[in-house]
Structure formats: structure tokens, C-alpha cells
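As C-alpha cells, the structure follows; a few thoughts come after it.
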Amino acid sequence: MLAVQRLRVSYEGGPAVDGVDLAVGEGERLAVLGPSGSGKSTLLRAIAGLLALDEGRVLLDGRDVTRVPPHRRGIGLMLQEGALFPHRDVAENVAFGLRMAGVARPERDRRVAGLLELVGLGGLDRRPVGTLSGGERQRVALARALAPEPRVLLLDEPLGSLDRPLRERLLAELVELLERLALTVVHVTHDVGEAFAFGDAVAVMRAGRIVQTGSADELWSRPADEWTARFLGLANVVERGGRRVVVRPEAVRVRPGEGAIVLAAERRGAGVRLRLRLDDGSSLEAFTTELDHPRAGERVRVEIDPRGVVGL
């Protein structure tokens, strides 16, 4: 469906995207995950045609669209800030691309009304965008990106400016909506939980390159290297038998006894993350869903399930 081949984009300081290959199937959701400055937003803009390539190709359904203007690619783009027109109301914002494409007024009105219902904003068509909440503005931006009926939708950290409870709710709604539409989507984010919840597949990006691609389960169970493991939140990278391994936090069992002290117990929703210092001076993190969990300062015994130990 969408393929990126040896894509390279440089700025004055050097390559921002350096030889990236990606393939996204029909109706698949790909999350591109990486820290700030890793090149993920540059990659998205290059796919959309907003940046010139130094090398590489962008293919859509096998057709090379590298030199096709952005508005003719059949690719929609939604940015983090939404980029709505403050002097236009909700309906006018959603209809903007349709009007530029010469879509007749009756068809424009029909499509805008349907899209606003789709994103949960039915009846707000004449509201000034300045009176909307952050979540509502992002829904308008999504409707506008969907209005031209793109073959591929690109999302550049669309929920990044929202507070966490709202972000999590809108993320679930977004995934459900995109599943119904069966759209091919590339979603850029720096948030590991968001990438894992969104993507059928996740591509981890670092310094302009893709370092690993797979499902969330595949990345969590077998990270490609130490940097990827730590970025995903797998802090237990230790030396065992002369090699570096990852001990997944859920594989660390904590029992009453001796051998370690609990430095911190931090609740993360349904679970608790424990930070431990072993008597040999090393550190580990454990994750438990037990309500009766150890507290900071308590002495504990540590057991490790070998099935949760992965070599690097």
C-alpha cells in the first residue's frame, strides 16, 4: 500500500532521515516511535510531499509519487497543533480542502455534516473554533484531514498537546474510528504507551534511522538493543553470564525476606512499579498488580522468572 524506500532528507547539520525503509499494508496502522529529534516528523512531512528528498522514493499502491505535488498524492496530514483557521467556523475549517479542490457546495455540505457526526461534533458546524476545547479542536482537525477521502492518513503527534486523561480517551476513540474506516495510517509519537495502543506495528526511530519494527508484543519481549530496551521502559539491563540481558519488570518477583530494599513504590494505574536496590549494589525494577505490595524502605527477597530474561 504505502512504501518508503531508502528515504533520505538532510538539513544543514546533516541527515535528519537517513536511509529509511518502511512498508505499511492496506488498512494497517503503523506507529513511528522515537524521542524528540529522531527524525520522525521529518519522515512524515517527506511522505506527505512537504519536504524535498535527497534520496529515495515514496510509493502508493506501487506508484511512485515522489515528485507528485502534496495535494495530488491522496495523502492526508494532521498536525499536533491542528493548524485550524481561527477566523473560520468549524464547518468552514473542515470544508477548506474540499473548496480548494473545487467540490460543489451541496457535496461539500453533505460530506462536512457526515464527518462532524463521525468525529462526535454533530451540531457544532457553526461554532467558532476559538470557543472549542482542545479535544474538540483536534476532532475538527481530524475531520478536515479526512474530508478529501485520503488513501493514507498521516498523524503527527495529534494528541501531544492534551492532558493525559483526555489523550487516553481520544486515543481509544481514534483507534476505533480508524478501524471502522479501514484507513492506512502512519502515526508519529514519542509516547511508548500511545504507540503500543495505536499501532498494529511499531517502528522505533533513532537518529534518523529505523532501529526496530514489530508488534508491541514483539518489541517488548525482544528489543533489538540496549538503547531500544531502555527507551521502551525496560530499565533492567544487566550483566548475566558474561552477556548483556534484559530482565522484564513483570518477571521480577518480590517476596518477604532478605536480599534487597525497596527504594520506591509508584502506582501506575492498575499496577505498581517497584524500584529495588539489591544487597550487591545493583538495581532492578519490578512490576506488580498486587494491592498488598511492599512499601519503600521494606526488605524483600527477589526472584526472577527465567522466561522474562532476554539476551541483547
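Numbering starts at 1 and runs along the sequence shown.
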Does this structure show an ion pair linking [X] with [Y], if we count only N-O contacts that are shorter than 4.0 Å?
X	Y	answer
R164	E168	yes
R299	E258	yes
E239	R244	yes
R110	E107	yes
R307	D305	yes
E92	R108	no

When you compare the side chains of D64 and T66, does any donor N or O come within less than 3.5 Å of an acceptor on the partner? yes

Does a donor on one side chain and an acceptor on the other come within less than 3.5 Å for D217 and S215? no

[X] versus [Y]: any side-chain heavy-atom pair under 4.5 Å?
X	Y	answer
L284	I304	yes
P223	R230	no
V68	R73	yes
E157	K40	yes
L174	L155	yes
H293	V262	no
R45	V9	no
P158	L142	no

Measuring from atom [atom1] of [X] to atom [atom2] of [Y], what distance do you get when rounded to the nearest 0.5 angstrom?
X	Y	atom1	atom2	result
L44	M78	CG	CE	12.0 Å
H190	F231	NE2	CZ	8.5 Å
L181	L153	CG	CG	9.0 Å
E298	L263	CD	CG	12.5 Å
W227	L232	CH2	CG	8.0 Å
L121	R127	CG	CZ	9.0 Å

What's the shortest heavy-atom distance between [X] and [Y], and which atoms?
X	Y	result
A224	V211	CB-O, 3.9 Å
V246	A229	CG2-CB, 3.8 Å
D61	E26	OD1-OE1, 4.3 Å
P150	L183	O-CD2, 3.3 Å
L171	A197	CD2-CB, 3.8 Å

Check the pair E194, H187 against side chain to side chain contact (heavy atoms under 4.5 Å, CB included), reporting the backbone distance first and the verdict last. CA-CA 10 Å; E194 185 175 311; H187 172 81; 2.8 Å; yes

Might you work through the side chain to side chain contact (heavy atoms under 4.5 Å, CB included) test for R268 and R273, ending with a clear yes or no? CA-CA 7 Å; R268 308 282 180 89; R273 185 172 293 272; 3.5 Å; yes

Take atom [atom1] in [X]; do more than 12 heavy atoms of anything else shown fall under 6.0 Å from it?
X	atom1	value
R72	CZ	no
R67	CZ	no
R277	CZ	no

Verify the cluster assignment for [X] and [Y]: are they in a single hydrophobic cluster under the rule of side-chain heavy atoms below 4.5 Å apart?
X	Y	answer
V238	L276	yes
L278	F287	no
I47	L79	yes
L116	L124	yes
L118	V129	yes

Show your reasoning for whether side chain to side chain contact (heavy atoms under 4.5 Å, CB included) applies to R206 and T228. CA-CA 9 Å; R206 178 191 184 196; T228 304; over 6 Å; no

Tested for salt bridge (charged side-chain N to carboxylate O under 4.0 Å, His left out) against D21, the lone hit among R57, R6, R209 is R6

Lys NZ or Arg CZ of R29 over F198 ring: under 6.0 Å, within 45°: yes

Passing option when R8 is tested against D18, L53, V17 for side-chain contact (heavy atoms from CB on, under 4.5 Å): D18

Please lay out, stage by stage, how L2 and V58 fare under the test side chain to side chain contact (heavy atoms under 4.5 Å, CB included). CA-CA 8 Å; L2 173 68; V58 178; 4.1 Å; yes

